Protein chains: 2
Amino acid sequence: MVTVHDVAARSGVSIATVSRTIRTPHRVTEPTRVRVLEAISELGYRPNRAAAGLRRGRTGTIALVVPDIDNPYFSSLTKGAQASSRARGYGLVVVDTTELAEVELEEIEAVAPQIDGLILVSSRLDEAALADIAAAHRCVLVNRTLEGRDDATPTVTVDEAAAARAAVEHLAGLGHRHIAYVGGPARSWSQTRRLRGIRDAAAVQAGFEVTDLGGFEPTAQGGRAAAQDALDSGATAVIAYNDLAAMGLLARWAELGVRVPDDVSLVGFDNTYVAELSAPHLTSVGADLREVGETAVELLIERIDGAASRGAAARGAASGVEGADGDAEAATVAALELHRELGAQLQVRGSTGRPRP
Amino acid sequence: MVTVHDVAARSGVSIATVSRTIRTPHRVTEPTRVRVLEAISELGYRPNRAAAGLRRGRTGTIALVVPDIDNPYFSSLTKGAQASSRARGYGLVVVDTTELAEVELEEIEAVAPQIDGLILVSSRLDEAALADIAAAHRCVLVNRTLEGRDDATPTVTVDEAAAARAAVEHLAGLGHRHIAYVGGPARSWSQTRRLRGIRDAAAVQAGFEVTDLGGFEPTAQGGRAAAQDALDSGATAVIAYNDLAAMGLLARWAELGVRVPDDVSLVGFDNTYVAELSAPHLTSVGADLREVGETAVELLIERIDGAASRGAAARGAASGVEGADGDAEAATVAALELHRELGAQLQVRGSTGRPRP
DNA sequence: TTGAAAGCGCTAACAG
DNA sequence: CTGTTAGCGCTTTCAA
């Protein structure tokens, strides 16, 4: 293992100068820096993050906690998070809770001492437990919010209302007047918002009816289970809680001889890659999941690096032409850092069409 | 942060005893151990892995390097690896190389100093580069082997020959006599073995013909691109390089009005969860991917912990009734530790049936 | 069996 | 601008 001592010896400086050349290059003279840098590349020196972290009280690693990495939603999000953290020089530890709140709790506590902060994605914890975690650890929440007093925990959410609206408007625009919604787990954060969003969007449409088919498993199995109910509802279009459920509906309907979109239209949520696996491809609405992951990492690292970078951002904004505008902009920046809501995009593919006359 | 000092103070012992209570409990008297353990749980003490690692020359963390986490094959494998490493007390950092050899190389070097070892899954590196990496770092290879002199690097592979045979025999048993193979990237390790396996298995069948359609992208797009060729080949059944390509074939055929399995049968490779997303579900052959991940972690950690545990395993085996048998068994165990080939299972689902008369 | 003490590789005062 | 030095939390000799 190559250490600072080796580099120092090779370049004829002290270990402190080697360290400075890496962390604060501007505090080292040009020729010295060049020599040290040369030694570093010649020896193939890589700083030991654990040692640096021990000293600085930081580990240079963050954790991403997801319910199930083997789910396109979370794997895409993970991909974005991993790229983003890597680009910022942080290691990323992935924790899969297998959808269990108790595992989530245990794993968070186990991993916490080894990291600088964590990202909780679609946490399965109840409000109280989540608030405790948020208070005890530096973290960022994705797809969950802490209503009420806690306003210090950054969150990343998707504008589910806008997503639902886009889906409903698309269907209404096609001529549909009665749609059915195949929901997900009743107590899920997203489910609550998606159902509400669909209802709100439907309320605005004239003579538009929504049948809530209730909660199903957010899987292909769940979709299959809902297939007959959806047909029986008499709706000409169906919106599914997520793409997986939509795939199940599609598969079951195919078995029943129901054609999509000729007999019934279908829209999924999340716009994961599975939407492009079926025939016809699935019309789906959702945010860019990699961007969700990237954003969460960004917020977390900004928080870790602390007031320094936040202050710099504000200062940068404030240094604009207009003093007043600058301040306003700085305030906006600060607000954005705490809660970021990402927009959703509707991808129209083959599973939606005009209702049959 | 709670440290050994806090625990020591609370339980009235030295920090050395606290450390011993954790690492080598048998070297501490019962009453002392109990007191320390109590203090630990009362204070919620969690050892700082970085500090321990710094001292011991280990980090307690391993890396899993995959080409694309957003691919059901790798996400399932990752799920197994993550569960396994956690169970063994190791942290797992996931590295996504976005399928690029250069990124893979760079990331391995960057992460290497922070870990005790790494698992390279379906590495995109060429033989020479891979051999260099294997020589320079403690690692385990999955889906790749180092032919030739290197026999010290543990590898985990899937018995592709058996998998191919199972697929061919299934089809032959159904009555098919002419099948087509939609291959993956020409230079891919798996592709080479799968094609060879299919050819070998076909050679054994009487009057059985295989048309190799050549290499396609291992994605739904690739499958779609091959759909017409497959039909034109005149084969009554098709085997696809992986499930994703099979899904593409299925989708394109559906658009063309070709029915599965009435007009043509289809078998995928890998048996990922996407095989259950389609209508009909996809017959697919592959190993348990989570087990592949678990096995790789097992091999790596065993190698990290060194001869100690290997010796123990051999001793355990050798302590059987028969001396000779024991030795033989121990040898087998040792051999297994270096290269583990996992069997593949054929899951017969709706996409295969008898050929049309 | 237990404690004292050294030191893993690195960073951050503090001097010079 | 550069070097010396004191630890970060932990494990592990070495003595007692």
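Proteins get letters first, then strands, A, B, ... in listed order; numbering begins at 1 in each. This structure is a prediction, so every number in the text was calculated from the model and none was measured. When reading the values below, keep in mind they use all heavy atoms of this one structure, side chains included, and skip hydrogens, waters and symmetry mates.
One can place CZ of R49(B) at 18 Å from C1' of dC8(C), the figure rounded to the nearest angstrom. Taking atom CG of residue N48(A) and atom P of nucleotide dG7(C), one finds them 18 Å apart after rounding to whole Å. Residue R58(B) contributes atom CZ, which lies 15 Å from atom P of dG9(C) at whole-angstrom precision. For M1(B) and dG9(D), the CE to C1' distance is 8 Å, given to the nearest whole Å. One interatomic measurement links the two molecules: NE2 of H5(A) to C1' of dC10(C), which rounds to 9 Å at whole-angstrom precision. Rounded to whole angstrom, the span from the CD1 atom of I22(A) across to the P atom of dG9(C) amounts to 15 Å. In this structure, Q114(A) atom CD and dG9(D) atom P are separated by 13 Å, rounded to whole Å. We find that CG of L43(B) is positioned 15 Å from C1' of dG9(D), with the value rounded to whole Å.
Looking at heavy-atom distances under 4.0 Å, V18(A) makes no contact with the nucleic acid at all. Nucleic acid contact class of V13(B) (heavy atoms, under 4.0 Å, all strands): sugar-phosphate only.
Counting only N and O atoms by type, the side chains of T32(A) and T29(A) include a donor and acceptor under 3.5 Å apart. Counted by atom type alone, S123(A) and E104(A) present one or more donor-acceptor pairs between their side chains at under 3.5 Å.
A salt bridge is absent between D116(B) and R58(B): the closest approach of a Lys/Arg side-chain nitrogen to an acidic carboxylate oxygen does not fall below 4.0 angstrom. Salt bridge annotation for R124(A)-E99(A): present, with a cationic side-chain nitrogen under 4.0 angstrom from a carboxylate oxygen. Using a 4.0 Å cut-off between charged nitrogen and carboxylate oxygen, R290(A) and D70(B) count as a salt-bridge pair.
Considering every non-hydrogen atom in both C139(A) and T153(A), the closest pair reads O-CG2, 3.6 Å.
In this view, E38(B) satisfies the salt bridge (charged side-chain N to carboxylate O under 4.0 Å, His left out) rule with no residue, not counting sequence neighbours.
The side chain of T32(B) contributes no N or O atom lying less than 4.0 Å from OP1 or OP2 of dT1(C).
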Between N or O atoms, less than 3.5 Å apart, protein on one side and nucleotides 12-16 of chain D on the other: list the pairs.
none

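Each of L54(B) and R35(B) was assigned the nucleotide of DNA chain C with the nearest heavy atom; the assignment lying further toward the 5' end belongs to R35(B).
Relative to the axis of its first five pairs, the axis of the last five pairs of the helix from dT1(C)-dA16(D) to dG16(C)-dC1(D) sits at 40°, rounded to 10 degrees.
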Evaluation steps, side-chain contact (heavy atoms from CB on, under 4.5 Å), between R138(A) and L118(A) = CA-CA 7 Å; R138(A) 195 184 289 127; L118(A) 35 77; over 6 Å; no
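Just one of L64(A), V121(A), V142(A) meets the side-chain contact (heavy atoms from CB on, under 4.5 Å) condition when paired with F74(A); it is V121(A).
Closest approach to the T3(B) side chain among dT2(D), dG9(D), dC10(C) is made by dG9(D) (side chain taken as heavy atoms from C-beta onward).
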